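Written below as structure tokens is the structure these notes are about.
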Amino acid sequence: MISFSQVSKRYPGGHEALSDVNLQIDKGELIFLTGHSGAGKSTFLKLIAAIERPSHGVVSVSGQNVGRLSRRAVPYLRRNIGLVFQDHKLLFDRNAIENVVLPLDIAGVLRRESMKRARAVLDKVGLLAREKADPVSLSGGEQQRLCIARALVARPALLLADEPTGNLDAGYAADIMAMFRDFHQVGTTLVIATHDDRALAALGGRILHFDHGRVTEAQP
Amino acid sequence: MNSWLRHQKHALTAALRRLAGQPVSTLLTALAMGVALSLPAGLYLMLGNLSRLAGDLPAQPEISVYLADDASAAQKAALAERLKQADVERARFIARDEALAALSAAQGLDDVAADLPDNPLPDAWVVRPRDASRGALIHLHDELARQPGVAETQLDSAWAERLQSLLALGRTGVWLLAALFAVALAAISGNAIRAQVLARRDEILVSRLIGATDRYVRRPFLYLGAVQGLLGGLAAAAVLAIAGAALRGPIEHLATLYGSAWRLHPPAAPEILALFAFTTLFGWLGAWISVGRTLRRVEAGG
């Protein structure tokens, strides 16, 4: 589903975030990215979602060369990818369910249908009772679950999560990881950047270890 | 409803919500547009009223038609019949004796008139055409000159021509002003939209991350510009209505002093609609120019 071939990414200013990465991720896999911060995990995820483009090499997602996508084609790639951010990136000018519905609005789904789907996914992350709540009034864990609900509402085949439990205490983090395990079991491909070693041990899955832009396979 | 229409509706409601969310700045922007536009629009209305006034003035152009001495009774009757048609507002017959009497009485020329062996003056018609425009005047003049039994015609049009060219100059001025203020309108709109785009930075960046196209992001701002322009047009109409109400009394008083029943004429419905269409278009245009530039900046900065 995802392949990196001789991929390097050098940011303006000379910092090389990734160097000569070669790897393959199959459909339905559960992947963890580990390593200290600044080792290239975020860059790896950004290259997949075409938020950044590689300086070298080819990143391909479902057969598409993501680095060469035109500006007009990028939105359609992103609609098939769910993104979960460490800082949630929720919109605070609207309530919880309006945040979740946003990807469906963008895709032009009928309002009634999208509200139904938003409620279903809010139910799945345990926030159905808070659908009218202001995101500010939610706890950190609830905000992260809301962000996950938004990432999943369009039923993407691929979910990318950058430190989804980074700001959460252990109890919330375990909840969220359990949620990811459920999605994995229904066939979603998940790529999760984390430094939460407890999660790795609990969930299994393949581990890619990042160190100064180089990637090695690690055994759990 | 297909998805294109759904997107339009979504963008329009988003735009209206954003405008309603900032009533003060919306109002101020509309007011700035309205005041700017009321100048060319007001001049346009003034010119319209002036041309109407020119049509009502007693010093309207007239055509003098002098009959030949040997014109037959039938020819005279045919000419009188012709002058009853719709393009003639009024025609006054001056018989030759009457003309001579008027001449001797008015000009103090009775000695001269008394010395004349014959009355040298012809019978004449003084014709006031209904349409005072230059083309219509010349057309009517030429036609009357060709009538049998007519010896000579004279078009007293210098005054009318001067007024018409003055009004034409005024109209050109109005269009020039309108063009300038259209640019100002687009600039005001563009500036307002730029502020809106910057205020919606987070929403734009998040939407881009979850698959919004350029058009999806741009659309609400374009509607915003168009609606803001329409509000500007409404504000201009309000400014003109207030100015008209304030001026009506004094102007009609002045007209009465000159013995004229002339009244201030409000703009016609198509003119008002044209104003709204014009401001909506330029509000949209300003938004279109501004939104692309600002979006690129927001995305580069994010």
Side-chain angles (χ1 to χ4, degrees), chain A residues 12 42 45-46 48-52 69-94 98-114 135-136 146-156 158-162, chain B residues 1-26 193 195-224 288 291-302:
Chain A
S42 293
L45 292 175
K46 284 178 179 167
I48 297 173
I51 297 168
E52 297 285 354
L69 277 186
S70 72
R71 190 182 156 82
R72 293 166 65 91
V74 168
Y76 301 97
L77 167 79
R78 295 211 183 129
R79 287 180 196 182
N80 290 317
I81 300 177
L83 291 173
V84 177
F85 311 94
Q86 181 173 8
D87 59 357
H88 327 313
K89 295 200 192 299
L90 297 171
L91 296 176
F92 293 106
D93 61 349
R94 57 197 77 191
E98 288 298 333
N99 267 282
V100 175
V101 129
L102 188 60
L104 300 179
D105 271 350
I106 287 171
V109 176
L110 257 179
R111 188 75 184 166
R112 198 145 33 95
E113 165 74 10
S114 48
V136 196
L146 193 58
C147 179
I148 292 168
R150 185 181 63 191
L152 288 172
V153 73
R155 297 177 193 144
L158 173 63
L159 187 83
L160 307 179
D162 193 3
Chain B
M1 199 164 60
N2 62 28
S3 106
W4 183 84
L5 262 182
R6 207 149 48 233
H7 271 137
Q8 305 300 319
K9 189 179 145 222
H10 182 264
L12 181 59
T13 48
L16 291 177
R17 215 174 305 123
R18 285 171 202 181
L19 281 175
Q22 300 173 303
V24 176
S25 88
T26 300
I193 296 304
Q196 283 279 350
V197 171
L198 293 177
R200 304 247 145 211
R201 222 185 119 77
D202 290 347
E203 182 181 346
I204 291 167
L205 292 176
V206 169
S207 301
R208 297 290 292 165
L209 282 176
I210 57 186
T213 55
D214 279 346
R215 273 195 281 172
Y216 177 88
V217 173
R218 209 167 280 182
R219 214 178 276 126
F221 294 109
L222 297 183
Y223 272 107
L224 202 63
W288 188 79
V291 94
R293 293 170 49 86
T294 318
L295 276 182
R296 267 196 298 281
R297 233 187 74 193
V298 162
E299 282 176 29

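Reminder, nothing fancy here: chain letters follow the sequence lines and each chain counts from 1. Just so you know, these numbers come straight off a predicted model, no measurement behind them.
With a threshold of 4.5 angstrom between heavy atoms, A/Phe92 does not approach chain B through any atom at all. Contacts between A/Val74 and chain B at a heavy-atom distance below 4.5 Å are absent for every atom of the residue. Heavy atoms of B/Arg200 lying under 4.5 Å from chain A belong exclusively to its side chain.
Among residues two or more places apart in sequence or in another chain, the ring pair (Phe, Tyr, Trp, His ring centres under 6.0 Å) test is passed with B/His7 by B/Tyr216.
Legend: side chain to side chain donor-acceptor pair (under 3.5 Å) pairs involving residues 98-109 of chain A, not counting sequence neighbours, sorted by first then second residue: A/Glu98-A/Arg111, A/Asp105-A/Arg111, A/Asp105-B/His10.
Under a 4.0 Å N-O distance rule, the pair A/Asp162/A/Lys46 does not qualify as a salt bridge. For A/Lys89 and B/Asp202, the salt-bridge test fails: no basic side-chain N is under 4.0 Å from an acidic carboxylate O.
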